[in-house]
Amino acid sequence: MKQIALTCSGHTRPVVHLDFSGMTECGYFLISACKDGKPMLRMGDTGDWVGTFEGHKGAVWGVALNDSATLAASGAADFTGKIWNAVTGEEVHSLQHNHIVKTVSFSHDSRFLVTGSNEKLVRVFDLNSDGKALESYAGHAGAVKRALFCRNERCVISCADDKSLRLWDRSSGQEVSRVEFSSHPNGLELSKDGTILTVTYGHCTAFYEMDTLKQLKEITMPTLVSSASLHPDKHIFVCGGEDFKMYKYDYITGNEIESFKGHFGPVHSVSFSPDGELYASGSEDGTLRLWQTTVGKTYGLWKCTEPTDLNNSTTAAGAGTGTATTTPTTVSNATPTSAAPTATAAVSCPTPAEVTAN
């Protein structure tokens with residue numbers, strides 16, 4: 001059965017990072033970082049555009065949504081990390097740095113934000129305060145690429161261009177553990193339950209036990225890999241990199257399950273949705289794409305249709321064999337215009353038609 005990805009347009013330059021919210025009463029949401037300096041908010045299951053956060057004066061390198069999709073964060077080349085009200089689109093905080101901010105991530109309670117920058121520093125900000133850095137961790141010898149809260153917020157973990165992964169204890173302010181790599185780590189993701197850390201570097205995707213930082217497995221990819229994401233059920237993972245392809249692997253055996261080529265440039269970021277039904281990818285080609293985890297399942301804009309139900313203008317893969325094909329019912333993915341609002345209220349559950357009408 002053929003995988004049909006939904007293509008989300010609207011950005012004008014490479015999409016370099018993605019992040020999903022948790023499940024909310026309105027579903028879940030997806031935010032994208034782009035070198036055009038305008039992070040975008042979308043409905044996570046359909047890719048329909050909700051709003052654009054405007055205010056940065058440089059490329060945006062990292063983004064984050066809190067679990068409830070009420071706050072968004074972005075880090076950019078204008079030396080700031082910004083906090084946005086994801087319901088109104090208004091800027092809440094502008095956190096000043098002394099160099100390009102490459103990564104941002106919320107704590108589970110949305111009180112703290114961790115950032116990493118080309119200053120080689122990891123900082124933690126208290127969002128209930130006036131925007132001053134509460135904690136600062138120095139030790140990396142290269143630009144910090146990714147930083148996350150871990151171990152129930154007691155620690156921060158970061159990776160950088162010095163080919164290292166470092167664990168920082170927030171109570172002591174000290175580095176407590178380090179992992180060295182043979183090449184620069186690009187991607188860093190913590191599993192939904194906080195137990196497994198996924199790291200990408202060179203041609204490798206590696207998995208570590210979060211409590212001990214013991215390596216569980218390392219799998220060699222057919223390309224230089226930029227990002228990988230482990231399914232919430234931890235039975236498969238997906239990754240993408242320099243050869244434009246998306247790969248799906250069996251996490252238990254390490255065997256490749258399938259691969260798809262849809263992007264027209266290197267893949268920079270991949271992430272599973274919180275329910276695991278789809279995964280998103282962001283690319284050098286300036287687009288986001290949404291892919292089904294289980295091809296052929298009716299979900300979001302995908303509709304599983306029997307060949308006999310297809311109209312004469314549609315040719316189904318496997319038609320006549322009794323198999324079903326999955327096709328998008330529509331791909332409305334609205335492209336923002338200059339008259340579009342900076343954000344449409346996420347918690348009011350706007351329909352795509354309502355968002356477009358605004």
Side-chain angles (χ1 to χ4, degrees), residues 1-10 15 18-24 26-32 42-50 189 191-192 198 205 221 225-241 243-253 255-264 267-283 285 287-307 309-310 314-319 321-334 352:
M1 197 172 294
K2 185 178 180 181
Q3 170 78 271
I4 300 176
L6 303 181
T7 302
C8 306
S9 58
V15 177
L18 304 169
D19 191 48
F20 282 102
S21 71
M23 297 298 296
T24 76
C26 303
Y28 59 90
F29 297 83
L30 173 65
I31 191 172
S32 53
R42 298 176 183 271
M43 298 301 299
D45 59 343
T46 64
D48 285 303
W49 176 77
V50 175
E189 182 192 80
S191 62
K192 303 301 181 185
T198 304
T205 297
M221 305 292 148
V225 61
S226 299
S227 179
S229 184
L230 182 63
H231 191 275
D233 291 342
K234 293 183 277 192
H235 63 282
I236 59 171
F237 71 92
V238 293
C239 60
D243 65 356
F244 306 5
K245 288 185 178 181
M246 287 296 300
Y247 292 90
K248 183 189 292 181
Y249 278 77
D250 186 304
Y251 172 73
I252 305 301
T253 65
N255 295 328
E256 181 183 327
I257 299 172
E258 55 195 356
S259 64
F260 307 105
K261 188 172 181 180
H263 284 293
F264 296 96
V267 177
H268 294 310
S269 183
V270 302
S271 182
F272 269 108
S273 62
D275 61 2
E277 291 289 347
L278 61 81
Y279 49 99
S281 57
S283 169
D285 65 15
T287 68
L288 293 76
R289 291 178 191 253
L290 304 181
W291 311 79
Q292 277 191 294
T293 302
T294 303
V295 181
K297 187 174 183 179
T298 295
Y299 181 84
L301 295 182
W302 291 281
K303 182 180 180 182
C304 187
T305 309
E306 293 296 331
D309 295 333
L310 298 175
T314 304
T315 302
T321 64
T323 60
T325 184
T326 301
T327 57
T329 57
T330 179
V331 186
S332 58
N333 301 315

- What orientation do Y249 and Y247 show, parallel under 30°, tilted 30 to 60°, or perpendicular over 60°? tilted
- Look up atom CZ in R42 and atom SG in C8, then write down how far apart they are to the nearest 0.5 Å. 4.5 Å
- Side-chain heavy atoms of F237 within contact of T205, under 4.5 Å: yes
- Note on the structure: In terms of heavy-atom contacts, V270 and G240 come closest through CG1-N, 4.2 Å
- Query: Counting only N and O atoms by type, is there a donor-acceptor contact under 3.5 Å from the side chain of S273 to the main-chain atoms of L278?
  - Reply: yes
- What orientation do Y279 and F272 show, parallel under 30°, tilted 30 to 60°, or perpendicular over 60°? perpendicular
- Query: Is a side-chain donor or acceptor of S229 paired with a backbone partner of V238 at a separation under 3.5 angstrom?
  - Reply: no
- Query: Between atom CZ of F29 and atom OG1 of T24, what is the distance when rounded to the nearest 0.5 Å?
  - Reply: 5.0 Å
- Query: Between the side chain of E189 and the main-chain N/O of S271, is any donor-acceptor distance below 3.5 Å?
  - Reply: no
- Task: Find out whether L30 and L288 are in side-chain contact, i.e. whether some heavy atom of one side chain is under 4.5 Å from a heavy atom of the other.
- Result: yes
- Query: Is there side-chain contact between R289 and M246, with heavy atoms separated by less than 4.5 Å?
  - Reply: no
- Message: Between Q3 and Q292 (side chain of the first, backbone of the second, donor and acceptor by atom type, cut-off under 3.5 Å), is there such a pair?
- Response: yes
- Using modelled atom types only, decide if a donor and an acceptor are shared between the side chain of H268 and the backbone of G282 within a distance under 3.5 Å. no
- Task: Mind checking the NZ-OG spacing from K248 to S259? Nearest 0.5 Å is all I need.
- Result: 11.0 Å
- Side-chain contact, heavy-atom cut-off 4.5 Å: V295 with W302? no
- Task: Output the distance between atom CG (D250) and atom CD (E258), rounded to the nearest 0.5 Å.
- Result: 11.5 Å
- Note on the structure: When every non-hydrogen atom of M221 is compared with those of C239, the smallest separation belongs to SD-SG, 3.5 Å
- Query: Any idea how Y28 and F20 line up, ring-wise: parallel (<30°), tilted (30 to 60°), or perpendicular (>60°)?
  - Reply: perpendicular
- Message: How long is the straight-line distance from CG of D275 back to CG of D233, given to the nearest 0.5 Å?
- Response: 10.5 Å
- Message: Looking at every heavy atom in both S32 and L18, which two are closest together, and how far apart are they?
- Response: CB-CD2, 3.7 Å
- Message: Quick one, M43 and V50 - any side-chain contact, counting heavy atoms below 4.5 Å?
- Response: yes
- Item | Donor-acceptor contact present, side-chain S226 to main-chain G241, <3.5 Å | no
- Item | Residue pair H263, S281: steps toward the side chain to side chain donor-acceptor pair (under 3.5 Å) verdict | CA-CA 9 Å; H263 284 293; S281 57; 2.7 Å; yes
- Message: Tell me if a side-chain donor or acceptor on T198 pairs with a main-chain N or O of A228 at a distance below 3.5 Å.
- Response: no
- Measure the CG-OG1 distance between L301 and T46 for me, rounded to the nearest 0.5 Å. 5.0 Å
- With a 4.5 Å heavy-atom cut-off, do T287 and F264 have their side chains touching? no
- Task: Using a 4.5 Å cut-off on heavy atoms from C-beta on, say whether the side chain of V15 contacts that of S283.
- Result: no
